[in-house]
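Down below is the structure, laid out as structure tokens.
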Amino acid sequence: MDVAGLVAIDVHTHAEISKDGHRSLSPELFGASEEYFKAHGHRQPTIAETAAYYRERKMAAVVFTVDAEHATGHPRIANEEVAEGCAEHADVLIPFASVDPWKGRAGVREARRLVNDHGVRGFKFHPSIQGFSPNDPMAYPLYEAIEELGVPALFHTGQTGIGAGVPGGGGIRLRYSNPLLVDDVAVDFPELRIILAHPSFPWQDEALAVATHKPYVYIDLSGWSPKYFPPQLVRYANSLLKDKVLFGSDYPVITPDRWLSDFDKLEIKPEVRPKILKDNAARLLGLKENAQ
């Protein structure tokens, strides 16, 4: 990957559909997400189409799906398919995986195999969809393996559009996505690199507190248009967290074109913009040395 030639690294994009047309979410949950993001009928690009989209824009993208089979009963998209698809487009795509922590020792073995044999560069957790509290000791063997493998763990935080408006929220409990629960993970796994995904409504201050207190906790800015960012998030991104905030879109429900257009209007210091858009992610993901 020619990191120097990239204008940005998007650390949060989704593989929503497999080669055989299998969706990452059930129709009920997926429809709720579309309604929440006002993305009715949006295309679900293949991995190859995602690569072409980002290559045209001189960007790289982290790609993952969500394994929530235990809580939802919906079969996941295979991590191997995501990893292989990204490997075919390694000039612009970076594979993350998702392993349901309820899978126990089988999940730990899978995580090790995915990194060692398939080149996976990190792991995505969505506690609300996966139905677990991040600080549940049940998940700790998986975190231990990820920490040992030296790759990041990305946690969804805050409210989610998935299940929004469905009776009972489709069984999804928002409290599992409070970033303070991830603070326990940062304490118990002090070398684990952690990304708190999204502006963490209604727990934005909690997320900022965790990221400023724990040296290896980062925040990605995906899932919201920058024009809706809370003022304190912008203030911290410009100052105390300037080296720990990451560009993410939530593609395909939010496109980087829309996100970057709104980000251009945000009052971010000129010297901080390249950190958020590329340099912080490059350093975190080990894509180049001495990223400033």
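Start at 1 with the first residue, then count along the sequence.
Of the possible donor and acceptor atoms, one in the side chain of R283 sits under 3.5 Å from a partner among the backbone N and O of D243. Between the side chain of T72 and the backbone N or O of A68 there is at least one donor-acceptor pair closer than 3.5 Å. Between the side chain of D67 and the main chain of D100, a donor-acceptor pair closer than 3.5 Å is present.
Y140 and D188 share a donor-acceptor pair across their side chains, judged by distance under 3.5 Å alone. A side-chain donor-acceptor contact under 3.5 Å links H12 and D220. Side chains of D250 and H14: a donor-acceptor N/O pair is present below 3.5 angstrom, by distance only. Between the side chains of D10 and Y251, no donor-acceptor pair of N or O atoms lies under 3.5 Å. Residues T65 and S98 have side chains that never bring a donor and an acceptor to within less than 3.5 angstrom of each other.
Within the structure, salt bridge (charged side-chain N to carboxylate O under 4.0 Å, His left out) contacts touching residues 121-147 (residues at least two apart or in different chains) do not occur. For the salt bridge (charged side-chain N to carboxylate O under 4.0 Å, His left out) condition, the pairs that include at least one residue of residues 200-217, sequence neighbours left out, are D183-K214.
Annotation: cation-pi pair R258/F263 absent, no NZ/CZ under 6.0 Å from the ring centroid and within 45° of its normal. Cation-pi contact between R55 and Y53: absent, since separation from the ring centre below 6.0 Å together with deviation from the ring axis within 45° is not met.
Closest approach of V108 to A145, counting heavy atoms only: CG1-CB, 3.9 Å. In plain terms, the two heavy atoms of A90 and M1 that are nearest each other are O-CE, 3.4 Å.
Atom CH2 of W259 and atom CZ of F247 lie 5.5 Å apart (nearest 0.5 Å). N135 contributes atom CG, which lies 10.0 Å from atom CE of M138 (distance to the nearest 0.5 angstrom). Atom NZ of K103 sits about 9.5 Å away from atom CD of Q130, to the nearest 0.5 Å. Rounding to the nearest 0.5 angstrom, the gap separating the CG atom in N116 from the CG atom in L114 is 9.5 Å. Taken to the nearest 0.5 Å, the NZ atom of K265 stands 8.5 Å off from the OG atom of S225.
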Yes or no on side-chain contact (heavy atoms from CB on, under 4.5 Å) for V245 and L221, after CA distance, side-chain angles and deciding distance? CA-CA 7 Å; V245 173; L221 301 174; 3.4 Å; yes
Might you work through the side-chain contact (heavy atoms from CB on, under 4.5 Å) test for K278 and V7, ending with a clear yes or no? CA-CA 7 Å; K278 183 177 76 170; V7 299; over 6 Å; no
Determine, step by step, whether F132 and F155 satisfy the ring-ring contact (aromatic ring centres under 6.0 Å, His included) criterion, reporting the C-alpha distance in whole Å, the side-chain angles of both residues, the deciding distance to 0.1 Å, and the verdict. CA-CA 12 Å; F132 81 107; F155 289 84; 7.3 Å; no
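A 6.0 Å sphere centred on CD of E271 holds more than 12 heavy atoms belonging to other residues, nucleotides or ligands.
Two different hydrophobic clusters hold Y176 and F125 under the rule that ILVMFWY side chains link at heavy-atom gaps under 4.5 Å. Both V217 and L240 are members of a single hydrophobic cluster when ILVMFWY side chains are connected at heavy-atom separations under 4.5 Å.
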What donor-acceptor contacts under 3.5 angstrom involve side-chain atoms of residues 189-203, with partners at least two apart or in another chain?
residue: R193; atom: NH1; partner: E191; partner atom: O; Å: 3.0
residue: H198; atom: ND1; partner: S222; partner atom: O; Å: 2.9
residue: H198; atom: ND1; partner: S222; partner atom: OG; Å: 2.8
residue: H198; atom: NE2; partner: H156; partner atom: ND1; Å: 3.1
residue: S200; atom: OG; partner: T157; partner atom: OG1; Å: 2.7
residue: S200; atom: OG; partner: H198; partner atom: O; Å: 3.3

